[in-house]
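Remember, it's 1-based here, ligands and their atoms both numbered in the order they're listed.
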Amino acid sequence: MVEFLGSNLMKFLAYCILFSFVTVPLVEGRVRHYKWEMKYEFKSPDCYKKLAITINGRSPGPSIIAQQGDTIIVELKNSLLTENAAIHWHGIRQIGTPWFDGTEGVTQCPILPGDTFVYKFVVDRPGTYLYHAHYGMQREAGLYGSIRVSLPDGESEPFSYDYDRSIILSDWYHTSTYEQAAGLSSIPFVWVGEPHSILIQGKGRFNCSTPGIEAGLCNATNPECTPYALTVIPRKTYRLRIGSLTSLSALSFEIEGHNMTVVEADGQYVEPFVVQNLFIYSGETYSVLIKADQDPSRNYWASAKVVSRNSNTPNGLAIFNYYPNHPRRNPPTVPPPGPRWNNTEPRFAQSIAIKSHQGYIHPPPQTSDRVIVMLNTQNRINGNVRWSINNVSFNLPHTPYLISLKHNLLHTFDQSPLPEGYDFANYDIYSIAKNVNATTSSGIYKLKFNTTVDIILQNANTMNLNNSETHPWHLHGHDFWVVGYGKGKFDKFKDPKNYNLVNPIMKNTVPVHPYGWTALRFRADNPGVWAFHCHIESHFFMGMGVVFEEGIEKLGSLPTSIMGCGDTKGLHRP
Ligand SMILES: O=C1O[C@H]([C@@H](O)CO)C(O)=C1O
């Protein structure tokens with residue numbers, strides 16, 4: 001009897017174990033441990049020598065290559081000698097770890113020179129993500145890299161390819177972070193201007209014969225500025241993961257003679273669509289499939305051109321290299337000129353074309369609990385040029401919100417609520433900004449936990465005649481559904497009726513086009529404090545952002561490693 005029971009019990013247990021394996025795949029992944037050191041080093045990414053911030057000697061820094069469910073540990077040593085730092089993991093939602101979002105002033109104190117800070121978080125979804133500095137304007141100095149998260153073993157994607165490659169597009173200035181930041185906060189205002197070069201995977205080419213360039217600073221034969229070569233085997237299909245971490249520029253990317261099929265955006269599968277050139281804004285990532293199906297006896301140009309601004313920056317060039325041609329052999333053709341900078345139509349069209357992949361639709365909630373309209377304007381406040389949301393320009397406090405809110409240090413930031421909208425009836429978005437009564441604030445939007453929030457980003461004219469810019473807005477801690485784009489002034493009665501609530505794409509960064517509006521919907525379901533801002537580095541520096549708080553009461557105690565600055569001094573020593 002005992003024997004009988006025993007053997008059946010064994011069978012039952014074996015069945016349970018087997019069953020649990022079948023229905024609940026093991027999601028717990030590996031731990032991937034990185035040891036990084038940030039330093040200033042002289043680099044010549046576009047042949048011109050300049051101080052750059054490197055990670056382990058490189059800019060772009062090392063890639064994080066992981067699998068869904070892995071835990072990433074980055075031991076980050078700040079060897080910048082005299083400068084603080086922080087790194088944001090862009091597109092990683094930090095569920096349960098809001099303190100490791102890496103946003104200085106919002107989720108942590110800066111990492112002091114000489115200190116090592118340990119970031120630890122789970123990459124819970126497959127896709128293409130980024131990391132970059134989130135302190136002052138350090139991203140401009142080259143502190144960034146890419147994160148690639150693959151599917152768990154045995155799972156497949158809704159498309160196929162032979163090889164997987166990643167590139168980062170960026171823009172590059174010969175002025176330093178300090179010259180830029182000081183100029184932006186000076187009276188009179190000194191604008192950062194257009195970048196000197198566009199870099200493709202950290203390589204560009206400045207014309208060393210430009211008049212006024214000091215001898216010895218620019219060397220056209222420096223191997224550091226050899227164009228990046230993407231080597232391909234004829235007839236194979238490549239998945240190219242493209243991320244933009246420009247400081248300012250909106251780009252159009254293309255590979256001469258090759259179509260690109262867009263399959264992923266910001267970590268979400270999209271219904272595939274074919275483009276000749278891809279518009280990409282700072283903070284966005286895309287995966288495109290490219291078949292190496294052209295004449296294999298030569299190389300082709302890959303080109304990134306500035307759009308949306310009347311820029312004199314030369315196009316960034318790389319070489320799409322057909323093996324076995326030499327990777328440094330220039331293509332026999334003139335690089336493609338790219339689209340006209342001021343034609344917004346194809347950019348709107350691309351935005352509207354992106355839909356969630358049919359097999360991967362996460363439908364949005366059909367209604368929202370709160371609508372916040374955000375009018376984006378450029379203003380002058382006390383003589384400074386600033387950007388404002390509903391006439392309020394954002395000021396980052398010295399004590400990070402996450403710590404202030406959790407430890408009731410409420411005197412550290414403005415407590416008055418921020419405006420939910422703007423008096424649209426009386427605001428002319430086509431005229432030079434007239435809202436002279438703009439103010440600054442470090443106030444935040446408190447969102448009720450587990451509610452659905454709509455944000456309407458409304459663009460307008462800047463302080464210059466006939467000028468409205470493109471702003472890529474990035475939300476930390478969430479993906480949002482992009483439920484609508486429009487031209488002109490948003491109509492709160494008419495436009496919501498045309499929202500796409502069937503198959504909208506989810507993203508973490510989205511453009512608001514010149515004189516247009518973009519509508520987003522998200523669930524406030526991730527306890528923490530999250531920045532939402534224009535990803536143009538100078539614009540965020542000039543106040544173009546807001547902060548959301550949700551569910552903070554659900555968080556346990558904060559790690560003491562994020563403390564030490566402002567009014568948190570003393571909190572970090574128990
Ligand atoms: O914020 C900005 O300031 C300048 C210009 O509007 C003022 O000189 C510009 O092009 C921006 O994007």
Side-chain angles (χ1 to χ4, degrees), residues 136-137 139-140 170-198 244-252 279-284 305-313 340-342 344 347 374-396 427-436 438-440 457-474 509-516 518 532-546:
M137 289 179 61
R139 201 177 83 219
E140 185 270 342
S170 53
D171 48 14
W172 190 246
Y173 288 88
H174 297 163
T175 43
S176 70
T177 296
Y178 291 98
E179 283 168 281
Q180 294 199 355
L184 295 174
S185 36
S186 293
I187 301 174
F189 175 71
V190 183
W191 173 236
V192 297
E194 295 302 312
H196 291 93
S197 301
I198 300 298
S244 171
L245 282 171
T246 53
S247 302
L248 174 69
S249 315
L251 297 174
S252 164
F279 294 106
I280 180 164
Y281 306 92
S282 181
E284 287 190 315
K305 178 198 160 109
V306 177
V307 290
S308 178
R309 301 185 68 94
N310 190 5
S311 173
N312 50 5
T313 310
R340 271 198 296 128
W341 71 269
N342 54 355
T344 48
R347 287 186 266 128
M374 297 189 175
L375 174 69
N376 292 213
T377 55
Q378 193 187 35
N379 321 82
R380 202 173 292 280
I381 305 180
N382 299 328
N384 287 114
V385 178
R386 305 275 306 189
W387 288 91
S388 304
I389 306 309
N390 297 336
N391 263 2
V392 182
S393 186
F394 178 65
N395 264 351
L396 206 56
Y427 192 87
D428 178 2
I429 63 160
Y430 296 103
S431 304
I432 286 188
K434 292 192 275 306
N435 38 350
V436 284
T439 54
T440 56
L457 293 163
Q458 172 71 57
N459 214 337
N461 203 98
T462 63
M463 291 197 294
N464 303 317
L465 194 62
N466 294 329
N467 176 247
S468 179
E469 302 185 5
T470 306
H471 301 285
W473 277 79
H474 171 59
T509 308
V510 75
V512 50
H513 293 291
Y515 300 110
T518 302
F532 177 50
H533 60 93
C534 176
H535 212 259
I536 292 176
E537 194 159 43
S538 47
H539 287 180
F540 182 47
F541 187 81
M542 293 159 76
M544 200 171 200
V546 298

Are Glu179 and Ser176 close enough, and set up right, to give a side-chain hydrogen bond (donor to acceptor under 3.5 Å, both in side chains), and what steps lead you there? CA-CA 5 Å; Glu179 283 168 281; Ser176 70; 3.2 Å; yes
Do Asn376 and Trp473 have side-chain heavy atoms sitting under 4.5 Å apart? yes
Salt bridge (charged side-chain N to carboxylate O under 4.0 Å, His left out) against Glu537, all qualifying residues, sequence neighbours excluded: none
His539 vs Trp387 aromatic rings, parallel, tilted or perpendicular, using cut-offs 30° and 60°? tilted
Results of side chain to side chain contact (heavy atoms under 4.5 Å, CB included) for Thr313 - residues two or more places apart only: Glu194, Pro195, Ile198, Val306, Ser311
All side-chain hydrogen bond (donor to acceptor under 3.5 Å, both in side chains) counterparts of Ser282, not counting sequence neighbours: Arg139, His535
Extract all N/O-N/O pairs under 3.5 Å that connect ligand 1 to the protein, and present each with both atom names and the distance rounded to 0.1 Å.
from     : atom 1 : to     : atom 2 : distance (Å)
ligand 1 : 1 (O)  : Trp387 : NE1    : 3.0
ligand 1 : 1 (O)  : His539 : NE2    : 3.2
ligand 1 : 3 (O)  : Gln378 : NE2    : 3.3
ligand 1 : 6 (O)  : Gln378 : NE2    : 2.9
ligand 1 : 6 (O)  : Asn464 : ND2    : 3.2
ligand 1 : 10 (O) : Arg309 : NH2    : 2.6
ligand 1 : 10 (O) : Glu469 : OE2    : 3.3
ligand 1 : 12 (O) : Arg309 : NH1    : 3.2
ligand 1 : 12 (O) : Glu469 : OE1    : 2.8
ligand 1 : 12 (O) : Glu469 : OE2    : 2.8
ligand 1 : 12 (O) : His539 : NE2    : 2.8

